[in-house]
Number of protein chains: 2
Amino acid sequence: MNEADFIAALRDLPLHPGARGLQDDCAVLTIGGETLVITHDMMAEGTHFRPDADMADVAWKLVASNISDLAAKGAEPVGVLLGHMLGRDDARFLVGLHEALAAFGAPLLGGDTVAAQGARSFGLTAIGRATHQPVPSRSGARPGDSIYLTGPVGRAMLGFAGDAEHLTAFNRPQPRLAEGQALAPHVSAMMDVSDGLLLDSWRMGQASGVTFALETDAIPVADPSRLADCIRWGDDYELLFTAAPAVRLPVAAYRIGTVIERADAPLTLGDEPLTDPASLGYQHG
Amino acid sequence: MNEADFIAALRDLPLHPGARGLQDDCAVLTIGGETLVITHDMMAEGTHFRPDADMADVAWKLVASNISDLAAKGAEPVGVLLGHMLGRDDARFLVGLHEALAAFGAPLLGGDTVAAQGARSFGLTAIGRATHQPVPSRSGARPGDSIYLTGPVGRAMLGFAGDAEHLTAFNRPQPRLAEGQALAPHVSAMMDVSDGLLLDSWRMGQASGVTFALETDAIPVADPSRLADCIRWGDDYELLFTAAPAVRLPVAAYRIGTVIERADAPLTLGDEPLTDPASLGYQHG
């Protein structure tokens, strides 16, 4: 069973209303008048990090990738639970974990530690508090909205390839917590582009029942000579969002296209409709 | 770094007050006047389940082991997040997951699905709502309290060995949700005995700064001829709790000993002080 089939099957299980049909990056749970935003992301050796990676970077990215999902909902971190598989360089893992928890104001709530054989995997559950309601989703983009991106994509790709200027973008990504909270009251939809700009734009168009018409020349990329790669690679943590054109944004952002009525595909790049998500990016599972 | 060292190091990280110093089985999070109880447990192939296990049983146990931690806090399930590594028999996994979510009233809130190589591991985060405050901990047992167990231990051990009568206890354990909620207002401390009666009694004595004086003959076991094994094996999900002797319990339970002032060890069995937790049970990480 592949990932898409598995997730489709999960949708037939008893779902909490706050699961948003498993269509979003986070669950939204209203408790005692407050709204919590909750996400769980895993990282597996060989799939999400190289076997020789600095485990401090792995820990940082595990936290950052989850906190980025909170950022895209305009939430402020409350705390995290760690699922840790023991192995090499656990002391380094702890260093990176400490740095990330401190940097993002996300103290440890609990978790589990296991000894196991084989490739390692880690899980993190991040819990945040919504600063604005309704909590932004993937599905709120409306025809006429402008499409924005908070910063250039492709930096993590260049860092992965060893480009010194972009190593930090790959190893120590910065979730856009402040930007997400500032933007939440103004956006019609928001998510991070951790799986690549094209794939995540496709998903947001699909979830919203519209077409995202991206303007190639308007997309900020870290290396214009590798534009096609930059907009397909993942591991960037910029925010992709939509807002009515009249909205005055509280943070700087690049306008990269327009939401239109649903056409043949949920995404067009220039004049080209992009129908097949498998060709669009970094579906690492 | 072994599990104990790793967890000790985690205690030096920024901890949420609700983490209870990472000394308990759950985090306790007060939000908007409500109190949530949150836990995250993992299961890894080779450590927690056999490579040829029915994946429906694995999914059930993954949910049950987390829900049991909620039960020990007197919490009612709100929902769960699943961290799933794709692999063989995912359709069976989904069957067991569905059955467990329905049985425990714990709908799916979200999670993550990854493709990875090697031995599989799964994580589950369970979120519950406290039905009584203060939420029972491991650390509240006081000298003079009676020590109780909700049912016999050793059933999972016999089921693991193939005993037909106890297969269900091993493959489809039943968290004591109703008992936990009924008991929460009456207990001074409570936890499940999923790591074995002796080890978990030792931990509760240690956390409470007291000695648990267990009476060997009073402990209900599934097979009296294998008493020593029954009280050391894990995977039973009975509740271990303490209460003042005058308390009239709302559910049937076995009185298995008395809490006394801290002696040489946090646990005595008959007259024997047990100082070394490594000898007591199922520390599978």
So which of B:Gly83, B:Ala119, B:Gly33, B:Pro17 has the biggest tally of heavy-atom pairs under 4.5 Å with chain A?
B:Gly83

In terms of heavy-atom pairs under 4.5 Å with chain A, the winner among B:Ala19, B:Pro14, B:Gly105 is B:Pro14

Mind checking the [atom1]-[atom2] spacing from [X] to [Y]? Nearest 0.5 Å is all I need.
| X | Y | atom1 | atom2 | answer |
| --- | --- | --- | --- | --- |
| A:Ile127 | B:Leu36 | CD1 | CG | 7.5 Å |
| B:Leu109 | A:Leu15 | CG | CG | 9.0 Å |
| A:Ser121 | B:Met42 | OG | CE | 4.5 Å |
| A:Leu94 | B:Asp12 | CG | CG | 9.0 Å |
| A:Asp90 | B:Asp5 | CG | CG | 10.0 Å |
| B:His16 | A:Leu108 | NE2 | CG | 10.5 Å |

[X] versus chain B, heavy atoms under 4.5 Å apart: side chain, backbone, both or neither?
| X | value |
| --- | --- |
| A:Ile7 | side chain |
| A:Ile31 | both |
| A:Asn2 | backbone |
| A:Val28 | neither |
| A:Ile38 | both |

Do you know which of [options] has the most heavy-atom pairs under 4.5 Å to chain B?
| options | value |
| --- | --- |
| A:Ala91, A:Gly32, A:Ala27 | A:Gly32 |
| A:Asp24, A:Asp41, A:Thr39 | A:Asp41 |
| A:Glu34, A:Arg129, A:Arg120, A:His98 | A:His98 |

Determine whether B:Leu82 and A:His40 make a side-chain contact, defined as any pair of heavy atoms from C-beta on separated by less than 4.5 Å.
no

Could you tell me how the ring of B:Phe6 sits relative to the ring of A:His84: parallel (under 30°), tilted (30 to 60°) or perpendicular (over 60°)?
parallel

Test side chain to side chain contact (heavy atoms under 4.5 Å, CB included) applied to B:Thr47 and A:Gln117, step by step
CA-CA 8 Å; B:Thr47 302; A:Gln117 299 95 36; 4.3 Å; yes

